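A note on names: the letters A, B, ... follow the listed sequences, proteins ahead of strands, and every chain is numbered from 1. These numbers were taken from a predicted model, which means no experiment stands behind them.
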Amino acid sequence: ETGVTQTPRHLVMGMTNKKSLKCEQHLGHNAMYWYKQSAKKPLELMFVYSLEERVENNSVPSRFSPECPNSSHLFLHLHTLQPEDSALYLCASSPQTLNTGELFFGEGSRLTVL
Amino acid sequence: GENVEQHPSTLSVQEGDSAVIKCTYSDSASNYFPWYKQELGKRPQLIIDIRSNVGEKKDQRIAVTLNKTAKHFSLHITETQPEDSAVYFCAAPYSGGYNKLIFGAGTRLAVHP
């Protein structure tokens with residue numbers, strides 16, 4: 001499979017659960033991102049990784065914990081979430097971070113927090 | 001920091017008509033302005049972008065114009081077709097050297113046959 005793939009596509013969890021979202025890119029890109037997409041709100045940048053190093057944490061609550069073990073994989077670990085965290089979480093990659101360019105998005109993981 | 005406003009939030013047109021979506025940004029240092037299209041249940045995909053050294057760029061039925069003085073840019077779709085129905089997002093970069101984008105709130109375009 002090519003491009004950016006995200007699993008799971010749908011996730012329902014309680015507020016005390018621990019779960020993880022996974023993203024994998026097969027494009028040879030150096031940068032990966034997590035975005036949050038809520039209804040009627042703009043896409044919100046959460047985290048940016050460049051060559052496996054976190055370069056941006058956009059004031060995201062600590063109940064969201066990213067992990068980037070290598071340039072092809074990105075995780076978002078979820079713990080003690082709130083119902084308002086229910087949203088579509090989009091992973092993206094780009095060839096590099098130091099110049100503006102195209103973001104390649106995954107299909108997203110739709111999260112529902114009960 | 002950068003702030004991007006997008007209008008309208010919804011747009012309904014008849015097939016064959018033109019559609020225009022407008023965005024304004026706040027950071028005068030911004031130099032790259034992409035537009036993404038997100039069909040229902042699908043991922044956002046880049047459809048066109050423009051850099052600050054040009055005022056207009058066209059790709060078949062879509063075009064983007066940029067007015068740096070007024071700090072606004074627009075997406076123009078001509079001869080709209082039902083498959084153009086989607087949510088369109090404009091974006092502009094944060095300052096700071098990394099490929100970080102601030103997105104507008106999106107415009108839901110409906111093209112009626």
Would you indicate whether Lys68(B), at its atom NZ, is surrounded by more than 12 heavy atoms from other residues, nucleotides or ligands within a distance under 6.0 Å?
yes
Side chain, backbone, both or neither: which part of Glu44(A) has an atom under 4.5 Å from a heavy atom of chain B?
neither
Might you confirm whether atom CD of Glu79(B) has over 12 heavy atoms from other residues, nucleotides or ligands at distances under 6.0 Å?
no
Should Val20(B) and Ile77(B) be counted in the same cluster of Ile, Leu, Val, Met, Phe, Trp and Tyr side chains packed under 4.5 Å apart?
no
With side chain to side chain contact (heavy atoms under 4.5 Å, CB included) as the test, would you mind laying out the steps for Asp49(B) and Glu102(A) before giving the verdict?
CA-CA 9 Å; Asp49(B) 56 18; Glu102(A) 182 174 358; 5.7 Å; no
Heavy-atom distance under 4.5 Å to chain B: side chain of Leu90(A), backbone, both or neither?
side chain
Answer whether the closest heavy-atom distance between the side chains of Leu101(B) and Tyr35(A) falls below 4.5 Å.
yes
Crowded around Gln60(B) CD? As in, over 12 foreign heavy atoms under 6.0 Å?
no
Give a yes or no on whether Ile48(B) and Ile21(B) share a hydrophobic cluster (residues Ile, Leu, Val, Met, Phe, Trp, Tyr; joining criterion: side-chain heavy atoms under 4.5 Å apart).
yes
Shared ILVMFWY cluster between Leu21(A) and Val12(A), side chains joined below 4.5 angstrom?
no
For Leu114(A), look at atom CG and say whether over 12 heavy atoms of other residues, nucleotides or ligands are found less than 6.0 Å away.
yes
Minimum-distance pair of heavy atoms, taken over all atoms of Val4(A) and Arg43(B):
O-NH1, 3.4 Å
In this structure, CD1 of Ile102(B) is separated from CG of Leu45(A) (nearest 0.5 Å) by 8.0 Å
Would you mind checking which part of Gln38(B) comes under 4.5 Å of any heavy atom in chain A, side chain (CB onward), backbone (N, CA, C, O), both or neither?
side chain
With clusters defined by side-chain heavy atoms of hydrophobic residues (ILVMFWY) lying less than 4.5 Å apart, directly or transitively, does Tyr32(B) cluster with Leu43(A)?
yes
What part of Pro34(B) gets closer than 4.5 Å to chain A, counting heavy atoms only: side chain, backbone, both or neither?
neither
For Gly104(B) versus Pro42(A), what's the shortest heavy-atom pair and its separation?
O-CB, 3.6 Å
Which atom of Phe89(B) lies closest to which atom of Gln37(A), heavy atoms considered:
CZ-NE2, 3.4 Å
Are the side chain of Tyr36(B) and the backbone of Leu103(A) linked by a donor-acceptor contact shorter than 3.5 Å?
yes
